[in-house]
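Down below is the structure, laid out as structure tokens.
Side chains are part of it too, since the values below use all heavy atoms of this structure and drop only hydrogens, waters and symmetry mates.
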Amino acid sequence: MSLQDGVWRARWEAATGLGRQIGRAAADLLLPPLAHDSPEATASAGLTPGAWSRVVFLEDPVCDGCGAAFEMDGGVFASERCAACLAQPYAFARGRAACLYDEASRGLILKFKHGDHQPFAPLFARWLSRAAAPLLAEADAVLPVPLHRWRLLSRRFNQSAEVARPLARNAGLDYIPDALVRQTHTTSQGGKSARGRRLNVKKAFAVTPTGVRRIKGRRILLVDDVLTTGATAEACAKALLEAGARTVDLAVIARVRTVRELTM
């Protein structure tokens, strides 16, 4: 069992899963479940109607390469990829994002990522099950983008793994949390230019011996939280392809509106 997958959390879920399901069902008969973003009761645990309406979900048509929304459906003769992906394709073959990373989604993702608000994990996995359905249909295995061990110790869990695990389980796919490792403790990507982000994660990721055996010749779906410039996903995809993966696709909870134009 991989540390990236949250050893204590996974063992606790396995030991108490059935009991919690029974307890939750009994509690729901007495008290309605609460929304993840509010103490307000909802029909089922999720977002309040107000928060839900503000999230910009990315629906087809989207770019097959990076998941960017197209302004309109160009019809059967239109390109499946945006101009940036046609001019300079990513190392990952295809990408999908559940929603736009903006004021509405940022608070939810940061609460999950830095606030240890775990109920968001299965919610985000459900979002990705829908947004990345074409990628899941062709994938053999699901991998999370790893954290460096020191960052994992400070944060206590890998947010990408917490989403990737239920996503793989619900899709009936192999889940491999220990295939990739972050071998260098890079500085935060925040505040860096696109070039700075690429340099920061260059050679930062490696495939483990176990990972090589489990990914060789297989179609991999890589899972991360936010697509900003694509530097991290690009570095992971290159490492996986060099280790023998057949293809690598990317699924993220959210993406910025202009991934390749953003300067941070």
Could you walk me through whether I253 and V163 pass side chain to side chain contact (heavy atoms under 4.5 Å, CB included), step by step? CA-CA 9 Å; I253 302 167; V163 175; 4.1 Å; yes

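- Among the candidates L180, L250, L241, L143, the single residue satisfying the side chain to side chain contact (heavy atoms under 4.5 Å, CB included) test with I220 is L143.
- Here the shortest heavy-atom pairing between A93 and R81 reads O-NH2, 2.7 Å.
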Test side chain to side chain contact (heavy atoms under 4.5 Å, CB included) on R255 and V226; report intermediate values, then the result. CA-CA 5 Å; R255 54 158 288 143; V226 178; over 6 Å; no

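- Under the 4.5 Å side-chain heavy-atom criterion for Ile, Leu, Val, Met, Phe, Trp and Tyr, V56 and L123 are members of distinct hydrophobic clusters.
- Each of L58 and L227 belongs to its own hydrophobic cluster when Ile, Leu, Val, Met, Phe, Trp and Tyr are linked at side-chain heavy-atom distances under 4.5 angstrom.
- At distances below 3.5 Å, not a single donor-acceptor pair connects side-chain atoms of R130 with backbone N or O atoms of R126.
- Within the model, atoms CZ of R96 and SG of C66 stand 9.5 Å from one another, a figure rounded to the nearest 0.5 Å.
- The heavy-atom pair separating G65 from F92 by the smallest distance is O-CE1, 3.4 Å.
- D224 and S160 are linked by a side-chain donor-acceptor pair at a separation below 3.5 angstrom, with hydrogens and angles left out of the test.
- Residues A251 and A132 approach most closely at CB-CB, 3.9 Å, considering heavy atoms.
- In the hydrophobic clustering of this structure, L222 groups with L136; members are Ile, Leu, Val, Met, Phe, Trp, Tyr whose side-chain heavy atoms approach within less than 4.5 Å, directly or through other members.
- One distance of note links CG of L86 with CD of E80; it measures 10.0 Å at 0.5 Å rounding.
- The main-chain N or O of V145 is found under 3.5 Å from a side-chain atom of N158 such that the two form a donor-acceptor pair.
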Step by step, work out the ring-ring contact (aromatic ring centres under 6.0 Å, His included) result for F120 and W127. CA-CA 10 Å; F120 278 116; W127 290 6; 8.2 Å; no

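- The minimum heavy-atom distance between A254 and I109, with the atom names listed, is CB-CD1, 3.6 Å.
- Note on ring orientation: taking the six-membered ring where Trp is involved, the planes of F124 and F112 are perpendicular (angle over 60°, cut-offs 30° and 60°).
- Using a distance-only test at 3.5 Å, with no hydrogens or angles considered, a donor-acceptor pair links the side chain of D140 to the main chain of R219.
- By the 4.5 Å heavy-atom criterion applied to side chains, V252 and V223 are not counted as neighbours.
- No continuous path of ILVMFWY side-chain contacts below 4.5 Å connects V256 to V62, so the two sit in separate hydrophobic clusters.
- More than 12 heavy atoms of other residues, nucleotides or ligands sit less than 6.0 Å from atom CZ of R106.
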K113 vs D225, salt bridge (Lys or Arg N to Asp or Glu O under 4.0 Å): CA-CA, chis, key distance, verdict: CA-CA 8 Å; K113 186 173 180 176; D225 52 2; 3.1 Å; yes

Tell me which donor-acceptor pairs under 3.5 Å the side chains of residues 204-212 have, and how far apart each pair is, sequence neighbours excluded?
{"residue": "T208", "atom": "OG1", "partner": "D178", "partner atom": "O", "Å": "2.8"}
{"residue": "T208", "atom": "OG1", "partner": "A179", "partner atom": "O", "Å": "3.4"}
{"residue": "T208", "atom": "OG1", "partner": "G211", "partner atom": "N", "Å": "2.9"}
{"residue": "T210", "atom": "OG1", "partner": "R213", "partner atom": "NH2", "Å": "3.4"}

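- Residues P146 and C236 approach most closely at CD-SG, 4.4 Å, considering heavy atoms.
- Taking both residues in full, the closest heavy atoms of R182 and L147 are given as CB-C, 3.9 Å, listed atom of the first, atom of the second, then distance.
- Hydrophobic clustering (side-chain heavy atoms under 4.5 Å, transitive across Ile, Leu, Val, Met, Phe, Trp, Tyr) groups Y101 together with L108.
- When atom types are taken as modelled, the side chain of S105 and the backbone of V55 share no donor-acceptor pair closer than 3.5 angstrom.
- Ion pair R218/D174 flagged as a salt bridge, since at least one NZ, NE, NH1 or NH2 atom sits closer than 4.0 Å to an Asp/Glu carboxylate oxygen.
- Interatomic distance, K238 NZ to Y90 OH, rounded to the nearest 0.5 Å: 11.5 Å.
- For D249 (side chain) and R94 (main-chain N/O), a donor-acceptor pair under 3.5 Å exists by modelled atom type.
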